[in-house]
There are 2 protein chains.
Amino acid sequence: MERNTRQRTAIREALLLAARPLLPQEVLQAAQAQVPGMGIATVYRNLKALVDEGALRCVNLPGDNPRFETAGQHHHHHFQCQACERVFDVHACPGNLAALAPPGFVVNDHDLVLYGRCSDCQPGAAAPRR
Amino acid sequence: MERNTRQRTAIREALLLAARPLLPQEVLQAAQAQVPGMGIATVYRNLKALVDEGALRCVNLPGDNPRFETAGQHHHHHFQCQACERVFDVHACPGNLAALAPPGFVVNDHDLVLYGRCSDCQPGAAAPRR
DNA sequence: GTAGCTGCAAATTCTTTGCAGTTGT
DNA sequence: ACAACTGCAAAGAATTTGCAGCTAC
């Protein structure tokens, strides 16, 4: 049976608060604010368990390490800033993608990732993060 | 200046012959047929060099290790079959994606991956390929 | 009480790098 | 000749796992 440990709660809340996909390291950092001394292995173990039970979703951006976000959101895509490398949700979708596939192919799902500059990292912005 | 070593030639030809994205390990295996004793480090170094000089392209499928394919193709996306896991090129693009980003964000590029069934793997197809 | 959980450290896997010897030009 | 290249092995980085002690139920 699954238990409610301080560590698991801290991880869940870190992801709820962030409202964007986080790397395991970012989850660790946020959760350590609640539970000092927490180890990275605990983060990995809980992320895996929470994904299995459907509470989290794994977000894999091409060529980057996996991130995690809360599950149950509406269909959405992601935007990665080329300057600070953070990932943001994009609650929009071009739709009509089934038409792009070659004849005879059936499209069930899709991933879309936009790359560019987030509002914090515009050229001339006061203080680009990271 | 760049040299034409047997190793680099073998790597380039392995990818030309394959005509599909290969993993570094697959490249090594194919290239060792031409140059026995070649090391994996040489593969990585040359893949990187060839990508830098624009001869190869890196193909990153979500949750999978990077693959490499010959460059020089037109802007395209990928379709991964959920049955046979093969990856196909999609020579179409929805366009107009800049409008999807949140206000204040600038979009420079994008990746799109479609998931579904390729023509070989339709339900009822004779023999789905692996 | 005890099965599940935790932190630590060692193991794995994939990729990069330092080094001394080799090779293309 | 000599800088680029190579193989090897060690170093890194991300993730997983073994283990002995801790903790929620």
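Order of the sequence lines fixes the chain letters, A, B, ..., with proteins taken first and strands second; residue numbering starts at 1 for each chain.
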Which heavy atom in [X] sits nearest to a heavy atom in [Y], and how many Å separate them?
X     : Y     : value
B/P21 : B/E69 : CG-OE1, 3.8 Å
A/H78 : A/V90 : C-CG2, 3.9 Å
B/A14 : B/A31 : CB-N, 4.4 Å
A/R12 : A/E53 : NH1-OE2, 4.0 Å
B/P24 : B/I40 : O-CD1, 4.2 Å
A/Q34 : A/A10 : CB-CB, 3.9 Å

| query | Do A/F88 and A/C118 come close enough that some side-chain heavy atom pair is under 4.5 Å? | reply | yes
Closest to the 5' end of DNA chain C, once A/V35 and B/T5 are matched to their nearest nucleotides, is A/V35
- Any donor-acceptor pair under 3.5 Å from B/Q122 side chain to A/G104 backbone: yes
>> Using only atom types and a distance under 3.5 Å, with no angle test, would you say the side chain of A/Q80 pairs donor to acceptor with the backbone of A/E85?
In response: yes
To the nearest 10 degrees, the angle between the two end axes of the helix from C/dG1-D/dC25 to C/dT25-D/dA1 (five pairs per end) comes to 30°
B/A101 meets the side chain to side chain contact (heavy atoms under 4.5 Å, CB included) criterion, sequence neighbours left out, with A/F79, A/L114, B/F105, B/V107
(message) Need one value for A/P36: base, sugar-phosphate or nothing, where a base atom within 4.0 Å counts as base even if backbone is also close, heavy atoms only.
(response) nothing
| message | Considering every strand and a 4.0 Å limit on heavy-atom distances, what is the contact class for B/E2: base, sugar-phosphate, or nothing? | response | sugar-phosphate
Per the under-4.0 Å heavy-atom filter, residues of residues 6-13 of chain A near DNA chain C come out as A/Q7, A/R8
Expected list for residues 40-57 of chain A near DNA chain C, using heavy atoms below 4.0 Å, is A/A41, A/T42, A/R45, A/N46
Comparing nearest nucleotides in DNA chain D, the 5'-proximal residue of the pair B/G39, B/R3 is B/R3
Between CE of B/M38 and P of D/dC5 the distance, given in whole Å, is 15 Å
Applying side-chain hydrogen bond (donor to acceptor under 3.5 Å, both in side chains) to A/N60 and not counting sequence neighbours gives none
So the contacted stretch of DNA chain C, first to last nucleotide with an atom under 4.0 Å from a non-hydrogen atom of chain B, runs from C/dC14 to C/dT25
Checking B/V43, B/L56, B/N46 against B/V27 for side chain to side chain contact (heavy atoms under 4.5 Å, CB included), the one that qualifies is B/V43
Open item on the list: Between A/R86 and A/E26, does any NZ, NE, NH1 or NH2 come within less than 4.0 Å of an OD or OE carboxylate oxygen?
Closed with: no
